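Please read the structure below before turning to the comments.
Every number for a ligand or one of its atoms is a count from 1 in the order of the listing. Bear in mind that the values here come from a model prediction, so they are computed numbers and not experimental data.
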Amino acid sequence: MYRLNDKIKKLEPYDPISGTYQIRLDANECPENLPEEITAELHKKLDEIALNRYPDPLAAGLVNSFAEYYDIDPEFVTAGNGSDELIFLIESAFLEKGDKMLVAAPDFSMYKFYSSICEVECKSFLKNESLDIDVDALIDTVDREDIKLVIFSNPCNPTGRGITKEQAKKLVGSVSALVVLDEAYMDFWDQSLLDEVGSYSNLIIFRTASKAVGSAALRLGFAVANPTISKAIKAVKSPYNVNSLSQAFGEVIYTHKNYLEKRQKTIVNSREMLYNGLKEISENVPDFLPYESVANFVFVKTDASAKIWEYLKSRSIVVRNMGGYLRITAGTAAETNAVLGAIKDYFAG
Ligand SMILES: *Cc1c(COP(=O)(O)O)cnc(C)c1O
C-alpha cells in the first residue's frame, strides 16, 4: 500500500475565506477592478495571443514593461506565477537539506510553510513589543545560527510595520546569508531597495502585481536580483511558469504608471482614514490596539478578535482574524466607513 510521507501527511489545502460578502477586506487586494480604458486595451491584446503556442519562457515583454515602470535593468528581473511560486522556488533551489533559514515572527506564513516541504530547518526571529524588527539583533542571530537564507516582508504582512531603507541596507551588507526582501507592499511606502539591488551579491527582492497593481487574478510575481542570482533563478524555474494571457495583460498594465500611482495614493488615504478611525475607537476600549501602518491594511491587537470577526461577517463584511489580532484591508472610502461603523456598533453592544 502506498503511504504519504510524514512531511505532507498532515498538510491541509489552503482554505481562503469562502462565501459571498458585500465587503471583502480580508486579503489585502485592491478594492476596485481596472478602469474601462485599460480593460479595453486588454481585450484588444487578447486577439494577439497565439493560444496554440507555449508562452515565452523569459516573459520578455512583461519583464521589460515591469522594469521600465520601476526604472531598473530588465536583466535583473525574473517573472513568476505569483510571488508564491518564487518563494517556493528560491527556498527549494538556494538551500540544501540541513541548511537553516530564518523568518521573522509574526510575518507572512508561506515562508515557513514552504520550508517544511523543502526539508529545511526554519528558525524564527521574534519581533519586539511594537512588532518591529531590531536589525542589529537580527544580524546577530543570522551569524550565531549560521543562517543561509533570511526572508521577511517589508512592509510586513500582517503587521503593516516596516524597516527603513538604511536598516535594510545594514542587514544585507552585514551578513553573508542570502537576504530575500519581500516588497509586496512597497508601492504604498518609499523605502525600497530596488534601485540598489545590483550592488549586492546576496539580495533578492520580490514584487507582486497582486496588491497595489490590483491584478491578483493574473498571478504575477517578480524576483529582482543581480545577474548571477537572476540567471540561477531562471535556470531552476519551470520553463513556462507564467502563462501567455498573464504575460500579455501584465505588459499592458505596467505601462499605466500615472493611473496606478494615483490609485495607490487613494488607497493610502483610505488606510489613514482606517487607522485614524480605529485609533479613535481604541480611545474608549482598553483591549483594542491598532498599529500604525505603511501598507494597505491595519493590524489591530484585541482579545475580542474572533467575536468581532463573527460580528462583522453577520454584517456581510469580512476581515482577517489572526487569533488575538485582526488584519483589516483598506478598501474604498465607503467600505472603510462601513467597517469602522460596524466595529463601533459591536462595541456599543
Ligand atoms: C500577498 C502577498 C504575497 C503574494 O503575492 P502573489 O504574487 O499574489 O503570490 C507575497 N508576499 C506577501 C508578504 C504578501 O502579503
Side-chain angles (χ1 to χ4, degrees), residues 14-17 24-31 59 62-63 66 69-70 77-92 101-115 124 127 131 133 149-163 168 179-189 191-194 204-224 233 237-238 241-243 245-247 249-250 253-254 260 264 267 271 291 293-299 319-320 322 325-331:
Y14 187 67
D15 183 20
I17 294 166
R24 295 211 49 163
L25 305 175
D26 60 311
N28 299 340
E29 295 148 328
C30 178
L62 168 68
V63 161
F66 171 89
Y69 184 98
Y70 290 107
V77 182
T78 309
N81 185 22
S83 342
D84 254 335
E85 183 200 17
L86 297 167
I87 298 167
F88 188 40
L89 191 68
I90 281 156
E91 289 182 11
S92 58
M101 60 173 271
L102 184 67
V103 297
D107 204 341
F108 191 47
S109 59
M110 299 315 287
Y111 309 143
K112 189 165 189 171
F113 173 78
Y114 289 130
S115 74
S124 292
K127 295 185 181 178
L131 298 181
I133 291 176
L149 183 151
V150 193
I151 181 167
F152 62 99
S153 54
N154 188 41
C156 169
N157 171 17
T159 66
R161 313 286 302 159
I163 63 168
V179 179
V180 183
L181 207 51
D182 184 349
E183 294 189 348
Y185 300 93
M186 195 53 94
D187 297 298
F188 301 113
W189 203 29
Q191 297 295 313
S192 178
L193 264 192
L194 217 44
I204 300 175
I205 297 178
F206 286 162
R207 289 291 184 130
T208 177
S210 302
K211 309 290 161 52
V213 176
S215 308
L218 296 180
R219 311 301 305 119
L220 289 175
F222 301 88
V224 186
I233 301 171
K237 80 177 184 66
S238 85
N241 59 329
V242 182
N243 73 71
L245 275 80
S246 294
Q247 288 191 26
F249 281 15
I253 292 165
Y254 279 107
L260 292 175
Q264 287 156 15
I267 294 170
R271 179 208 66 215
Y291 295 87
S293 166
V294 292
N296 66 332
F297 53 85
V298 178
F299 200 48
V319 300
R320 185 79 190 267
M322 306 188 85
Y325 296 90
L326 293 169
R327 192 196 65 198
I328 307 173
T329 308

Going through the checks in order, is the ring-ring contact (aromatic ring centres under 6.0 Å, His included) test met by Phe66 and Tyr69?
-> CA-CA 5 Å; Phe66 171 89; Tyr69 184 98; 7.7 Å; no

If you measure from each heavy atom of Tyr111 to ligand 1, is any distance below 4.0 Å?
-> yes

Of the listed options Asp182, Thr208, Asp107, closest to atom 12 (C) of ligand 1 (non-hydrogen atoms) | Asp182

Would you say Arg219 touches ligand 1, if touching means a heavy atom closer than 4.0 Å?
-> yes

Taking the inter-plane angle between the rings of Tyr254 and Phe222 on a 0 to 90° scale, is it parallel (under 30°), tilted (30 to 60°) or perpendicular (over 60°)?
-> perpendicular

Taking the six-membered ring for Trp, are Tyr325 and Phe299 parallel (under 30°), tilted (30 to 60°) or perpendicular (over 60°)?
-> parallel

Assess Phe206 for proximity to ligand 1: is some non-hydrogen atom of it under 4.0 Å away?
-> no

Any idea which part of Glu85 is under 4.0 Å from ligand 1, heavy-atom wise: side chain, backbone, both or neither?
-> neither

Which of the numbered atoms in ligand 1 are below 4.0 angstrom from a heavy atom of Ser153?
-> 13 (C)

Residue and atom name of the nearest protein heavy atom (relative to atom 4 (C) of ligand 1), distance in Å to one decimal | Lys211 NZ, 3.8 Å

Numbered atoms of ligand 1 (with element) below 4.0 Å of Asn157, judged on heavy atoms | 13 (C), 14 (C), 15 (O)

Pair Arg207 + Asp187: basic N to acidic O under 4.0 Å = yes

Element-labelled atoms of ligand 1 that are located less than 4.0 Å from some non-hydrogen atom of Asp84 | 9 (O)

Atoms of ligand 1 under 4.0 Å from any heavy atom of Ser210, numbered from 1 in the order shown, are 6 (P), 7 (O), 8 (O)

Are Arg271 and Phe297 in a cation-pi setup, meaning NZ or CZ lies under 6.0 angstrom from the ring centre and within 45 degrees of the ring axis?
-> no

Compare Ser83, Ala216, Cys156 and give the one whose heavy atom is closest to atom 6 (P) of ligand 1.
-> Ser83

State, without any angle test, whether Asn154 and Arg161 hold a side-chain donor-acceptor pair at a distance under 3.5 Å.
-> no

Closest non-hydrogen atoms of Ala59 and Ala79, given as atom of the first, atom of the second and distance, are CB-CB, 4.2 Å

